[in-house]
Number of protein chains: 2
Amino acid sequence: MNESEFLAGYDPRVYPAVAVTVDVVALTIRGGGLRVLLIRRGEQPHAGLWALPGGFIRPGEDLPQAAARELAEETGLSNLGDRVHIEQLASYGTPDRDPRMRVVSISYLAFAPDLPDPLAGTDAADAAWQPVDKLPELAFDHDRILAHGLERARGKLEYTPLATAFAGETFTISELRGVYETVWGVPLHAGNFHRKILSVPGFVESTGETTESGGVRGGPRAKLYRAGDARLLHPALLRPAREEQIR
Amino acid sequence: MNESEFLAGYDPRVYPAVAVTVDVVALTIRGGGLRVLLIRRGEQPHAGLWALPGGFIRPGEDLPQAAARELAEETGLSNLGDRVHIEQLASYGTPDRDPRMRVVSISYLAFAPDLPDPLAGTDAADAAWQPVDKLPELAFDHDRILAHGLERARGKLEYTPLATAFAGETFTISELRGVYETVWGVPLHAGNFHRKILSVPGFVESTGETTESGGVRGGPRAKLYRAGDARLLHPALLRPAREEQIR
DNA sequence: ACAATAGTGTCTATTAGACAATATGCG
DNA sequence: CGCATATTGTCTAATAGACACTATTGT
């Protein structure tokens, strides 16, 4: 190892600057479908394209904190705090993923109940919840990040109670089934689903209340539940076998 | 938003430098137990403490490439390429996790069959495979990263064929069972395990060969298998229920 | 011979899933 | 009234796990 290698290996300050950003894949269920929060970029690069909300981390700011800030700031949705579940997704650092400079992005995955329409934030020309099955072209490598987020979300519904994060404070079993059907994109058997949910310890707990009225097309009032204290579902709710995804 | 906020939000160059490192949690099975590759730091900070192999990313270098390089470089183990499975674990960016400067670390998780002893690399005073249940104090927040890696590894054995990455090119069902027992830390029923493995499509495929001899304490020769083409195990191999881990 | 291990057989409790039945409430 | 929906019941096939058995090989 010569001196320049030594320096290159040991002192990061000889490098061109590396910027660190957070990007947020925020998912919700709206209009009967799964939607992701996108902002339209107001500035170069990729001005005019849609992108995930995100931006540079600030000094002294922890990563999850930066993700929450970007989500709130770029959409005008504040006070999200306790209604949104947020977790780290993955990091992306391919050298040319941003034309300006070396940018490493830490992505976060957020699950939200149906929220108000976002307001375009400070550096966004526009912001909207967009259906994940009818997406515009995305800036940078955000299509890849989003695909990764969707895959993660679908998987986590199986073995965690995360589906409740898409529902309101209280919900019916049918509403919960709607979450699974929407995220997984498959119809589920109402009766078996109902029994299965109630058989998983700690998934949901009864509020003792029922809905005010039956469904719009009739039917009895449904019992209301809130999220239970389980962090893992045991046994898990497995998706119908997907032979093609195994290999 | 005033001008300084504007600048802080838009131009990363006004920030103090952020350094990006990769750290690798490399796991193997040795001496009947699960072990992790640690290096003893030769330099400040935390000189003398054990740490995960890792270091700053280099210009033009992709993140997985950096992880593979650090693993090879800091241990003297080269040509690992095709024998080691490596995947991204998580990222850590708490502001004060490194006393020198703001450092964001992307961690990688590696699974390896039993490899030769590492050689201390260029900036490591020492390097060794150390049992995960008898660890020394670790530098930085590496204990947290390692704990996260172990948790991930244990979980992935359930629904992916990753256990084969701990075995050699070919292996017996008993050896594979040993991997599960070691990583999970629980004994498994030999007969039921055997049947279960063979029932999962694409997990293992027979080589048609058997071991050269029986076990050291007797027994018939075992059939040899190699990893199959499945990427997911279906149905999964679930760990015995862990009531305490659910909530 | 004896002990250890590979591999297979069998039985039972549990579970997933198909299907049915009943009751409630909307139009 | 007629239909959609919530909830519960029943049956069957598949599975996990306990246990047992046979065959093979090292000491």
Side-chain angles (χ1 to χ4, degrees), chain A residues 32 157-159 167 170-181 184 186-201 203-225 232-243 246, chain B residues 32 157-159 167 170-181 184 186-201 203-225 232-243 246:
Chain A
L157 286 203
E158 293 193 315
Y159 59 93
T170 66
F171 49 84
T172 67
I173 301 292
S174 291
E175 285 166 358
L176 195 61
R177 178 164 49 86
V179 171
Y180 277 92
E181 291 178 327
W184 285 350
V186 297
L188 299 174
H189 187 284
N192 291 339
F193 181 87
H194 196 279
R195 184 180 16 236
K196 172 80 183 185
I197 295 301
L198 297 183
S199 79
V200 178
F203 192 175
V204 299
E205 60 184 32
S206 175
T207 65
E209 311 277 303
T210 68
T211 51
E212 291 290 322
S213 63
V216 283
R217 281 163 295 192
R221 298 177 182 185
K223 292 180 187 163
L224 284 169
Y225 298 84
L232 292 174
L233 304 185
H234 188 85
L237 279 88
L238 300 177
R239 274 176 280 187
R242 306 140 279 153
E243 194 62 43
I246 293 175
Chain B
L157 286 203
E158 293 192 316
Y159 59 94
T170 65
F171 49 86
T172 67
I173 302 293
S174 290
E175 285 166 358
L176 194 61
R177 176 164 49 86
V179 171
Y180 276 92
E181 291 178 329
W184 284 350
V186 297
L188 299 174
H189 186 285
N192 291 338
F193 181 86
H194 197 280
R195 188 184 7 240
K196 172 80 184 186
I197 295 301
L198 296 183
S199 79
V200 178
F203 192 175
V204 299
E205 60 183 32
S206 175
T207 65
E209 312 277 303
T210 68
T211 51
E212 291 291 321
S213 63
V216 285
R217 282 164 294 193
R221 298 178 181 184
K223 291 180 188 164
L224 284 170
Y225 297 85
L232 292 174
L233 304 185
H234 188 85
L237 279 90
L238 299 177
R239 274 176 280 187
R242 306 139 281 155
E243 194 61 42
I246 292 175

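Order of the sequence lines fixes the chain letters, A, B, ..., with proteins taken first and strands second; residue numbering starts at 1 for each chain.
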Problem - Position toward the 5' end of DNA chain D (nearest nucleotide), B:A236 or B:R221 - result: B:A236
Side chain of [X] only, heavy atoms from C-beta on: which candidate in [options] is closest?
X	options	value
B:L198	C:dT8, D:dA16, D:dG9	C:dT8
A:R217	C:dA4, D:dT5, C:dA18	D:dT5
B:S174	C:dA6, D:dA18, D:dA6	C:dA6
B:P235	D:dT25, D:dA18, D:dA16	D:dA16
B:S213	D:dG26, C:dT15, D:dT8	D:dG26
B:P220	C:dA6, D:dG26, C:dG17	C:dA6
B:R195	D:dT8, C:dG17, D:dA18	D:dA18

Take the protein atom [atom1] of [X] and the nucleotide atom [atom2] of [N], then report the distance between them rounded to whole Å.
X	N	atom1	atom2	result
B:K223	C:dT5	NZ	C1'	15 Å
B:L188	D:dA16	CG	C1'	13 Å
A:H194	C:dG17	NE2	P	17 Å
A:N192	D:dA14	CG	C1'	15 Å
A:I197	D:dT7	CD1	P	12 Å
A:F193	C:dC19	CZ	C1'	19 Å
B:Y225	C:dA6	OH	P	11 Å
A:K196	D:dT7	NZ	P	18 Å

Using every non-hydrogen atom in the two residues, find where [X] and [Y] come nearest and quote the distance to one decimal.
X	Y	value
B:E158	B:R239	OE2-N, 2.8 Å
B:V200	B:P235	CG2-O, 3.7 Å
B:R195	B:N192	NH2-OD1, 2.9 Å

Practice task
Nearest-nucleotide wise, let me know which of A:V216 and A:S199 is further upstream toward the 5' end of DNA chain C.
Solution key: A:S199
Problem - Position toward the 5' end of DNA chain C (nearest nucleotide), B:H189 or A:L238 - result: B:H189
Exercise for the section: Under 4.0 Å between any heavy atoms, over every strand shown, what does B:G214 touch: base, sugar-phosphate, or nothing? Just pick one. Expected result: sugar-phosphate
Practice task
Take B:L224 and B:T172 through the test side-chain contact (heavy atoms from CB on, under 4.5 Å) and record every step on the way to the result.
Solution key: CA-CA 5 Å; B:L224 284 170; B:T172 67; 3.8 Å; yes
Problem - Trace of the side-chain contact (heavy atoms from CB on, under 4.5 Å) decision for A:F203 with A:K196 - result: CA-CA 10 Å; A:F203 192 175; A:K196 172 80 183 185; over 6 Å; no
